[in-house]
Amino acid sequence: MPEQKKISLYFDENMPEAAAIQLADQGIDVMTTQEAKRCGADDLDQLYFAASLGRVICSHDKDFLELAKTDPVRCGIAFIGFKSKEMGALVRALRELHRNETAESMENRLVYL
């Protein structure tokens, strides 16, 4: 049986960079909007960019909940429903998502964390 591809993450600009650093230090592939030099891009553009890279987009932005209803979300969306200041909870939730999901299992899915 072929090995399933692990997910890669793309942090919308509202996600804390400190969480990206912690996840990267744990071996999780994460890219931030700042690294991609895409700050200020609209949400739909961010979604398509993440999809073009095969990355799950992670955001607190409720606009992504609407986009998930109207646009195909090949890469998947991880919606973070708690405050970003809860850094430990955020990192644990994304680490768990990374451990339990694959690129294939996240296709066209919206996951609430």
Side-chain angles (χ1 to χ4, degrees):
M1 185 166 138
E3 185 175 333
Q4 299 286 313
K5 183 181 176 205
K6 289 284 190 182
I7 62 171
S8 298
L9 305 176
Y10 178 67
F11 273 25
D12 186 15
E13 63 189 281
N14 63 20
M15 295 289 291
E17 192 168 352
I21 292 168
Q22 286 184 36
L23 291 165
D25 286 348
Q26 296 173 29
I28 295 173
D29 181 8
V30 58
M31 175 188 284
T32 66
T33 301
Q34 294 80 359
E35 288 174 311
K37 300 185 182 344
R38 298 186 52 76
C39 292
D42 70 37
D43 294 335
L44 185 59
D45 189 44
Q46 295 285 25
L47 181 63
Y48 287 149
F49 179 74
S52 76
L53 299 175
R55 292 177 176 272
V56 173
I57 193 162
C58 304
S59 183
H60 295 283
D61 187 343
K62 292 181 180 175
D63 291 341
F64 283 98
L65 299 176
E66 288 304 312
L67 287 174
K69 294 177 188 175
T70 60
D71 286 278
V73 190
R74 287 211 51 145
C75 59
I77 297 172
F79 178 75
I80 316 304
F82 48 86
K83 303 289 183 203
S84 62
K85 65 184 175 186
E86 298 169 4
M87 187 69 63
L90 174 62
V91 170
R92 281 190 301 278
L94 289 169
R95 190 175 55 226
E96 190 73 13
L97 181 75
H98 183 264
R99 182 179 309 126
N100 293 324
E101 301 294 341
T102 65
E104 294 80 15
S105 71
M106 284 300 297
E107 284 185 13
N108 300 311
R109 282 187 56 209
L110 169 65
V111 176
Y112 292 87
L113 301 177

Passing candidate, side chain to side chain contact (heavy atoms under 4.5 Å, CB included) with I28, options R99, H98, Q22: H98
Can you tell me how far the CE atom of M31 sits from the CD1 atom of I57, to the nearest 0.5 Å? 12.0 Å
Flag yes if V56 and I21 sit in one hydrophobic cluster, no otherwise; membership is Ile, Leu, Val, Met, Phe, Trp, Tyr, and two members link when side-chain heavy atoms are under 4.5 Å apart. no
Does any part of the side chain of N14, heavy atoms only, come nearer than 4.5 Å to the side chain of S59, both counted from C-beta? yes
Once you round to the nearest 0.5 Å, how far does OH of Y112 lie from CD1 of I77? 9.5 Å
Taking side chain to side chain donor-acceptor pair (under 3.5 Å) as the definition, give me every residue that meets it alongside Q26, ordered by chain and number, with sequence neighbours left out. R95
Contacts of T33 that satisfy side chain to side chain donor-acceptor pair (under 3.5 Å) - sequence neighbours left out: Y10
Applying side chain to side chain donor-acceptor pair (under 3.5 Å) to E101 and not counting sequence neighbours gives S105, R109
Salt bridge (charged side-chain N to carboxylate O under 4.0 Å, His left out): pairs with one or both residues in residues 42-58, sequence neighbours excluded: D29-R55, R38-D45
I need the T70 OG1 to L65 CG distance, nearest 0.5 Å. 11.0 Å
Quick one: salt bridge (charged side-chain N to carboxylate O under 4.0 Å, His left out) partners of E66, sequence neighbours excluded? K69
Once rounded to the nearest 0.5 Å, what's the spacing between atom CG of D12 and atom CZ of F79? 11.0 Å
How far apart are the closest heavy atoms of C58 and M15, and which atoms are they? O-CG, 3.2 Å
Quick one: pull up CD in Q46 and CZ in F11 and give me the separation to the nearest 0.5 Å. 13.5 Å
Between CG of L53 and OG of S8, what distance do you get to the nearest 0.5 Å? 9.0 Å
When you look at C75 and M106, which way does the side-chain contact (heavy atoms from CB on, under 4.5 Å) test go after all the steps? CA-CA 6 Å; C75 59; M106 284 300 297; over 6 Å; no
Of I7, I80, V30, which meets side chain to side chain contact (heavy atoms under 4.5 Å, CB included) against L94? I80
Using the test salt bridge (charged side-chain N to carboxylate O under 4.0 Å, His left out), find all partners of E13 that sit at least two apart in sequence or belong to another chain. none
